Amino acid sequence: MSAIRGDVGKVMFENAGGTEADVGQTRSWSLTINKDTHETTKQGDTSKTFIGGLISGEGSVELLYNPSETGAGYTTFIDDVLTTGDPADALFELFPDSNTSAKKISFAGIITSAEYGATLGETQLINVSFITSGAITSAI
């Protein structure tokens with residue numbers, strides 16, 4: 001059995017009118033996909049039953065802070081949190097490995113937060129959070 005190391009994943013990002021770019025300095029990413037459920041149990045049943053409902057997702061990307069980084073992916077990705085009236089037109093692609101030709105999760109979304117900090121003796125990180133908007137496609 002082969003396994004994929006987490007150190008080869010990557011994130012691609014494109015904001016409105018932009019060009020898709022590799023988000024440099026990525027240290028990790030995560031995505032949680034949720035599905036609403038609606039109870040369909042009726043009187044006389046002895047067990048609850050459900051049907052699936054709407055799907056949503058949320059996640060985060062952890063970046064190493066690099067003050068000299070000028071790449072369109074890195075700065076555009078972080079700066080998208082400053083967009084007001086965001087119509088959720090940013091496109092995300094999350095890859096479990098560096099092979100961008102096949103395995104990925106794609107969706108439109110909104111960057112909801114960017115957390116900056118500096119701690120003595122540690123690498124400076126930027127934690128960026130996002131939510132999905134619309135369909136999520138997976139080719140994992």
Side-chain angles (χ1 to χ4, degrees):
M1 175 180 167
S2 67
I4 302 294
R5 296 185 339 258
D7 61 342
V8 294
K10 69 186 272 179
V11 177
M12 300 288 286
F13 178 76
E14 176 185 350
N15 70 351
T19 303
E20 182 177 56
D22 186 351
V23 177
Q25 310 299 327
T26 301
R27 194 160 118 154
S28 67
W29 63 261
S30 68
L31 173 67
T32 301
I33 301 172
N34 298 299
K35 183 189 299 185
D36 293 341
T37 56
H38 306 286
E39 188 173 346
T40 58
T41 310
K42 62 185 181 309
Q43 290 180 332
D45 287 349
T46 58
S47 298
K48 288 186 174 187
T49 57
F50 297 87
I51 59 171
L54 299 174
I55 297 169
S56 65
E58 62 185 355
S60 64
V61 177
E62 184 178 61
L63 305 166
L64 294 169
Y65 174 63
N66 181 352
S68 64
E69 177 71 51
T70 58
Y74 178 88
T75 55
T76 302
F77 185 66
I78 296 168
D79 290 345
D80 203 62
V81 74
L82 301 173
T83 302
T84 59
D86 194 331
D89 54 3
L91 303 176
F92 294 74
E93 291 181 328
L94 308 177
F95 297 87
D97 62 43
S98 58
N99 178 4
T100 60
S101 63
K103 308 291 185 194
K104 67 181 177 182
I105 302 169
S106 304
F107 54 89
I110 299 173
I111 294 182
T112 58
S113 70
E115 177 185 353
Y116 303 84
T119 303
L120 179 65
E122 294 185 17
T123 304
Q124 289 189 25
L125 301 174
I126 302 170
N127 292 299
V128 177
S129 297
F130 58 83
I131 60 170
T132 65
S133 180
I136 301 168
T137 60
S138 175
I140 297 283

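No experiment lies behind these values; they were computed from the predicted model shown.
In terms of hydrophobic clustering, with Ile, Leu, Val, Met, Phe, Trp and Tyr side chains grouped at heavy-atom distances under 4.5 Å, V81 and L63 are assigned to a common cluster. Linking ILVMFWY side-chain heavy atoms closer than 4.5 Å, directly or via other members, places I136 and V128 in a single hydrophobic cluster. Hydrophobic clustering of Ile, Leu, Val, Met, Phe, Trp and Tyr side chains at less than 4.5 Å, counting indirect connections, unites L31 with I126. If you chain together hydrophobic residues whose side chains sit under 4.5 Å apart, V23 and L82 fall into the same group. Residues V61 and I33 share a single hydrophobic cluster, defined by chaining ILVMFWY side chains whose heavy atoms lie under 4.5 Å apart.
Legend: residues meeting side-chain contact (heavy atoms from CB on, under 4.5 Å) with Q124, ordered by chain and number and at least two apart, are Y65, A118. Partners of D80 under the side-chain contact (heavy atoms from CB on, under 4.5 Å) rule, at least two apart in sequence or in another chain, are F13, N15, T83, D86, A90, I111. The side-chain contact (heavy atoms from CB on, under 4.5 Å) test applied to E93 returns M12, E20, F95, K104, S106, not counting sequence neighbours.
Separating the CD1 atom in I51 from the CG atom in D36 is a distance of 11.0 Å, to the nearest 0.5 Å. The CG atom of N66 lies 11.5 Å from the OG1 atom of T123; values are rounded to the nearest 0.5 Å. Here CD of E58 is found 13.0 Å from CD1 of I110. Values are rounded to the nearest 0.5 Å.
Considering all non-hydrogen atoms of both residues, R27 and L125 come closest at NH1-CD2, 4.0 Å. The shortest heavy-atom contact between L91 and A108 is CD2-CB, 4.2 Å. Taking each heavy atom of S138 and I105 in turn, the nearest pair found is OG-CG1, 4.1 Å.
Checking side-chain atoms of S129 against main-chain N and O of T112 turns up no donor-acceptor pair under 3.5 Å.
Pairs of residues two or more places apart, or lying in two chains, never qualify as ring-ring contact (aromatic ring centres under 6.0 Å, His included) while including a residue from residues 18-44. Sorted by first and then second residue, the ring-ring contact (aromatic ring centres under 6.0 Å, His included) pairs with a member in residues 102-140 read F92-F107, F92-F130, F107-F130; sequence neighbours excluded. Listed by first and then second residue, the ring-ring contact (aromatic ring centres under 6.0 Å, His included) pairs involving residues 41-63 amount to none (not counting sequence neighbours).
A side-chain donor-acceptor contact under 3.5 Å links S30 and S60.
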